[in-house]
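Naming convention: chains lettered A, B, ... in sequence-line order (proteins, then strands); numbering from 1 in each chain. As the structure is a computational prediction, the values presented were derived from the model and not from experiment.
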Amino acid sequence: MTVSSIPYIIIDFLKGLTVRDKYCGHVTTNDIGKELSLAGWVFRRRDHGGLIFVDLRDVTGLVQVVFSPEISKEAHEAAGDIKQEYVLRVTGRVEKRPAETENPNIPTGEVEVYVRSFEVLNTCKTLPFQLDDEEINESIRLKYRYLDMRRPDVQKVFIERSKASKVTRDYLVNQGFIEFETPFLTKSTPEGARDFIVPSRLNQGMFYALPQSPQLYKQILMMGGFDRYFQIARCFRDEDLRADRQPEFTQIDIEMSFVDREDVMAVSEGLIVAIYEALKGKKPPEMPFPRMSYAEAMEKYGSDKPDLCFDLPLKEITDIFTETEFGVFKKTIEGGGILKAMVLKGKTLSRKDLDDTVDAAKEMGAGGLIWMRRDGDAYQSPVAKFLKEDEKAGMEKALDFASGDIVFIMADKRDKVDDVMGRLRLYLGAKFDLIDKTADKFLWVVDFPLLEYSEEEKRYVAKHHPFTSPKESLRTYQGDYGSILANAYDLVFNGVEIGGGSIRNHRMDDQQELFKVINMKEEEAADKFGYLLEALEMGAPPHGGLAFGFDRILMLFLGLESIRDVIPFPKTQKGTCLLTGAPSRIGQRQLNELKIRTQTESR
RNA sequence: GGGGUCGUAGUUAAGCCUGGUUAUAACGCCGGCCUGUCACGCCGGAGGCCGCGAGUUCAAUUCUCGUCGACCCCGCCA
């Protein structure tokens, strides 16, 4: 652990305070000769018998304090009992360290404090883990999060988080945004993620829902005339967790009136650049952020959030094989399916690598995956014998398929091919080290479809959310609802979606039409969103916005691998808090008050 | 809901595949020594229901099944 790694300078806030005069990390050569009181935790103690050294640590860093019998016999004697993480207040004179005993590795390494007197403000039991051990199991770190947080590297993350919040507020307030707090106790909505539910005591049998996002409130604020809204908003979704997903998380939520897509994207991009600069100390490499249509992203990368840190595009080669004699290709094409290929250039793959890749594709849902290796004019492949000369020539031209390259081909329905090949692309990128880990690739993905057909529910559902406006009016639209585009946009960073938004429907008839198309009955729409529809009829301005995943942005910009690393008190994958033990059973009295009976009680 | 990895002193790991001795090491902890260390050093010591429960076996940390917990992924996450 590098104690000196906190770059965040806290100015001297301690003037006039009585317990201590300075932060530990702020003692400098300017203090030499001064008598100071310091307070902090005992990071390490080095007892030489005649002389005891203690590294005293606070949020700013550490300073060496010396207990010497020549300064105070009492203090030196009492210091024999000091242990790790005791909380001390020491008073003594700052001196320059004797020659040859400076420590150039810490900022305070030129000075030390000779303790005249000290008091133990608190003791500390034997620690469950050593604070300077970097390999500690995460569950123990989370159970003792307060100890984990004493580690400078962990403190640094939350200091950076605070900095990012401030940058966000400063930037948006300077752009005329007004900060709001919207309710946590809200109304359950049918679309989208599963809600966290809160029982209402005053209205028995009724439930609040915690907000999945402040979506409707922020739209209502636009209808309230506030013009530009933002909130650093906690959101709740009762879905399964992942490395980058927590049940409660924070969004930077933005909404603006009288804007089009370009206006929202411009403000948002400015905000992201500001946060990036604050955390990374430099501007993003590419500005303005490049853009790609959803259609192109799916076509070339099989993903709506393509990772551009490596190339490896997908190419459709259905045309080359229209006359093929290879059964699988032939059958696929006849059945309306397609072929897509990825060429891995200049990599030597073992037979095992190839087999592993095929297995990986199958696990991702492919029926199979064909590989071909070109050695000069010879083709090595399980399907080599079916290949015609013009097909080889066609691939070589279309794919730039050169000697030594390997091509992977998948044949299936378009959606399936895009999905599997898109994921296989990421697999190959990771497995064969194609990803430029130093690259920071922002990308706006635009022109999403408004709707997608849900096989499960046998109806169209909103791809973004059901308040998103289409690029052309649904009321006059004729034809396939699956192909109508939305005024929606996502911001992608290194293959991860960090934010998304849309221009909303601001007229009641448009919104009602959308509800109709997604098969929401009028009564249901009125029941769930009646207040919105009514508000839309009372002079709602055109408006739109977006939301960024604040935790996710921090995780990515700080180069961390888990969203839990940027959340002070995160939940485990099963949604529990190891520190507090939440969730827990509640007492019968509480249940009675709520008129709730649980099914698993008796056991 | 499904697939996978892991679980051994306080901590981090080894041992387990190939069952059998006192379960090993480092850090931490306890006691002693040490006036220039900063991952201080030296000497000595304590510390284990091998996650839990069944099964197989003469014998299980080791093999099998179940279960609990942590993590990763699929589904899910408008």
[N] and [M]: how far apart are their [atom1] atoms, nearest whole angstrom?
N	M	atom1	answer
B:rU61	B:rU21	C1'	15 Å
B:rG45	B:rU5	P	42 Å
B:rG51	B:rC68	C1'	8 Å
B:rC16	B:rC6	P	14 Å
B:rC77	B:rA39	C1'	45 Å

What's [X] touching, base or sugar-phosphate or nothing? Going by heavy atoms closer than 4.0 Å.
X	answer
A:Ile140	sugar-phosphate
A:Thr468	nothing
A:Arg194	nothing
A:Tyr114	base
A:Asp47	base
A:Glu135	sugar-phosphate
A:Glu102	base
A:Thr101	base
A:Pro466	base

A:Arg423 side chain, from C-beta outward: closest of B:rC29, B:rU35, B:rC74:
B:rC74
The nucleotide from B:rU11, B:rC29, B:rC76 with an atom nearest the side chain of A:Gln84 is B:rC29
Give a yes/no answer on whether the side chain of [X] brings an N or O atom under 4.0 Å of OP1 or OP2 in [N].
X	N	value
A:Arg46	B:rC40	yes
A:Lys574	B:rG69	yes
A:Gln212	B:rC77	no

Less than 4.5 Å apart, side chain to side chain, heavy atoms only: is that true for A:Met298 and A:Arg414?
no
Decide yes or no for A:Asp510 and A:Ser473: does some side-chain heavy atom of the first lie under 4.5 Å from some side-chain heavy atom of the second?
yes
Evaluate whether the aromatic ring of A:His48 and the six-membered ring of the B:rU37 base sit under 5.5 Å apart, centre to centre, with an inclination under 30°.
no
Can A:Phe53 be said to stack with the base of B:rU37, given centres closer than 5.5 angstrom and planes under 30 degrees apart?
yes
Find the distance [X]:[atom1] to [N]:[atom2] and express it as a whole number of Å.
X	N	atom1	atom2	answer
A:Asn105	B:rA39	CG	P	7 Å
A:Met364	B:rG3	CE	C1'	14 Å
A:Lys416	B:rG75	NZ	C1'	13 Å
A:Glu456	B:rC77	CD	C1'	13 Å
A:Leu578	B:rG51	CG	P	19 Å
A:Glu363	B:rG2	CD	P	17 Å

Name the pairing partner of [N], where a pair is Watson-Crick or G-U wobble with both distances under 3.5 Å, or state none.
N	answer
B:rC42	B:rG32
B:rG55	B:rC63
B:rU5	B:rA70
B:rG47	none
B:rA23	none

Is it the case that the base of [N] and the side chain of [X] share a donor-acceptor contact (distance under 3.5 Å, atom types as modelled)?
X	N	answer
A:Glu112	B:rG36	yes
A:Asp133	B:rG28	no
A:Arg97	B:rU37	yes
A:Gln130	B:rU12	no
A:Arg564	B:rC71	no
A:Arg245	B:rC76	yes

Report the residue from A:Ile518, A:Val461, A:Asn519 that forms a side chain to side chain contact (heavy atoms under 4.5 Å, CB included) with A:Ser454.
A:Val461
Let me know which of A:Gln231, A:Gln215, A:Lys218 forms a side-chain hydrogen bond (donor to acceptor under 3.5 Å, both in side chains) with A:Asp253.
A:Lys218
Would you mind telling me which of A:Gln219, A:His506, A:Arg504 makes a side-chain hydrogen bond (donor to acceptor under 3.5 Å, both in side chains) with A:His543?
A:Gln219
Kindly indicate whether a cation-pi arrangement holds for A:Arg425 with A:Phe310, taking the cut-offs as under 6.0 Å to the six-membered ring centre and within 45° of the axis.
yes
With a 6.0 Å cut-off on ring centres, are A:Tyr229 and A:Tyr217 close enough?
no
Stepwise, does the salt bridge (charged side-chain N to carboxylate O under 4.0 Å, His left out) test hold for A:Arg151 with A:Glu134?
CA-CA 10 Å; A:Arg151 298 136 73 92; A:Glu134 285 166 27; over 6 Å; no
